[in-house]
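Right, one structure below, let's go through it.
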There are 2 protein chains.
Amino acid sequence: MKLTSKGRYAVMALVDLARFDNINPVSLRDISLRQGISLDYLEQIFSKLKRNNIVKSIRGTQGGYILSKNPNDIKLTNIFYAVDEKVKTVKCNKEIKRGCNGKSTKCITHDLWDELETHINSFFENKSLEDLINNKKETRV
Amino acid sequence: MKLTSKGRYAVMALVDLARFDNINPVSLRDISLRQGISLDYLEQIFSKLKRNNIVKSIRGTQGGYILSKNPNDIKLTNIFYAVDEKVKTVKCNKEIKRGCNGKSTKCITHDLWDELETHINSFFENKSLEDLINNKKETRV
DNA sequence: TCTAAACTTGACCATTTTAGTCAGGTATGT
DNA sequence: ACATACCTGACTAAAATGGTCAAGTTTAGA
């Protein structure tokens, strides 16, 4: 049960981005340097964040990324969903009609894992980017 | 962020075991058949559960495993710890003095992941095997 | 207009983890 | 003695992870 780098990096990068003003775009290069995340890897992550309308990109010199919405409207759920960081406690997929062990019934502890999933997701649904930056905002020099 | 089979199987197997009386030992073969888990894999798992004093083994014909303690005293935490299913949200280890990104400070979202870890662990600490078997006990035929 | 900064895309890959299998044992009730 | 069941360690195929690399396109500013 562990969080992957992709999910962690996505949140770290967005917090970094949000801490700087969201009028001037922030380049991935800056984020990469400040947070110690590989630039190439960040590009993969931001491509997903963009597709999911969490950030907007501005190309060219002095370009970069800015948030698409208010930090208060970006929940961890949204970020994780965007980068495919899913909370998966059971192997079985809801679309598959068969149960959890390949048997016809759901496994003996199915409800437990469902409950766990809900428990974890509620944490993510209640945390927004705004909560994470607090009053730690900085202005780009 | 997903639960591994080892953790899931351990809990499933123990719930299965607990649902039958804990005086007559239950063989892994039975659990394997009922829960659809490979016998060889179960043996690996139970060897860990035994080392962590969650189950006792009885060898020979009619042998098997029984719980070492009352189902109420076996928390999910204990089970997961036994089979190395850890909740890990940050890469950095507490023993390593350096921060999360190989930098000297802890990463910008460190506290968040700590909070998440606590949130998840509290779920595991408050669930016992007893909670999972409820009044679903069965008697071996 | 030229150039460098920055985004964009897709392929590729080494390492680690997962989820087991396999092949031998040893102990014990009947 | 023999079948049942525990016990142990080595091995491995497949997937996931955590990236790198290469080759673009776009645009601001000199």
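Letters go in sequence order (proteins before strands), and every chain restarts at 1.
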Pairwise distance OG(B:Ser68) to CD1(B:Ile74) - rounded to 0.5 angstrom: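 If we round to the nearest 0.5 Å, B:Ser68:OG and B:Ile74:CD1 are 7.0 Å apart.
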
Give, for atom CG of B:Leu42 and atom CD of B:Gln44, the distance between the pair rounded to the nearest 0.5 Å.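 B:Leu42 atom CG to B:Gln44 atom CD measures 10.0 Å (nearest 0.5 Å).
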
Subject >> Distance-only donor-acceptor test (3.5 Å): side chain B:Arg59, base D:dT4 >> reply: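 Flag unset: no donor-acceptor pair detected.
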
Exercise. Report yes if a donor N or O on one partner sits less than 3.5 Å from an acceptor N or O on the other, where the partners are the side chain of A:Gln44 and the base of C:dT8; otherwise report no.
Key: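 Per atom types, no contact qualifies.
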
Separation of [X] atom [atom1] from [N] atom [atom2], in whole Å?
| X | N | atom1 | atom2 | value |
| --- | --- | --- | --- | --- |
| A:Glu43 | C:dA5 | CD | C1' | 12 Å |
| B:Leu3 | C:dA19 | CG | C1' | 14 Å |
| A:Leu42 | C:dT8 | CG | C1' | 14 Å |
| B:Ile45 | C:dT21 | CD1 | C1' | 14 Å |
| A:Asp84 | D:dG18 | CG | P | 14 Å |
| B:Asn24 | D:dT4 | CG | C1' | 16 Å |
| A:Glu85 | D:dG18 | CD | P | 9 Å |
| B:Lys88 | C:dT17 | NZ | P | 10 Å |

Across the strands shown, which category fits [X] at heavy-atom distances under 4.0 angstrom: base, sugar-phosphate, nothing?
| X | value |
| --- | --- |
| B:Tyr65 | sugar-phosphate |
| A:Ser47 | nothing |
| B:Tyr9 | sugar-phosphate |

Cation over ring face, A:Lys127 and A:Phe123, 6.0 Å, 45°:
yes

Item to complete: Mark yes or no: A:Arg34 above the aromatic ring of A:Phe20, with NZ or CZ under 6.0 Å from the six-membered ring centre and no more than 45 degrees from the axis.
Response: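 Pair A:Arg34/A:Phe20 counts as cation-pi.
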
The residue, B:Leu28 or A:Tyr41, whose nearest nucleotide of DNA chain D is more 5′ is B:Leu28

The answer to which of B:Ile58 and A:Gly60 contacts DNA chain D further toward the 5' end, by nearest nucleotide, is B:Ile58

Walking DNA chain C from its 5' end, the first of A:Met1 and A:Leu39 to be reached, judged by nearest nucleotide, is A:Leu39

For the helix from C:dT1-D:dA30 to C:dT30-D:dA1, what angle separates the axis at the start from the axis at the finish, each from five pairs, in steps of 10°?
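Inter-axis angle at the termini of the helix from C:dT1-D:dA30 to C:dT30-D:dA1: 10°.
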
Does OP1 or OP2 of [N] have a side-chain N or O of [X] closer than 4.0 Å?
| X | N | answer |
| --- | --- | --- |
| A:Ser57 | C:dC7 | no |
| A:Ser38 | D:dT20 | yes |
| A:Lys50 | C:dT8 | yes |

* **Any side-chain heavy-atom pair of B:Ile54 and B:Asn78 under 4.5 Å** =>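 When only atoms from C-beta onward are counted, B:Asn78 and B:Ile54 do touch, with a gap below 4.5 Å.
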
message = Can you confirm whether B:Val26 sits close enough to B:Ile66 that some side-chain heavy atom of one is under 4.5 Å from a side-chain heavy atom of the other?
response =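 Contact flag for B:Val26/B:Ile66 side chains = no.
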
- Taking 4.0 angstrom as the limit, do B:Asp84 and B:Lys6 come out as a salt bridge?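 No salt bridge links B:Asp84 with B:Lys6.
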
D:dT17, D:dT27, C:dA19: which one has an atom nearest the side-chain heavy atoms of A:Thr61?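 The answer is D:dT27, which lies nearest to the side chain.
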
Heavy atoms of other groups near B:Tyr81 OH, more than 12 under 6.0 Å: no

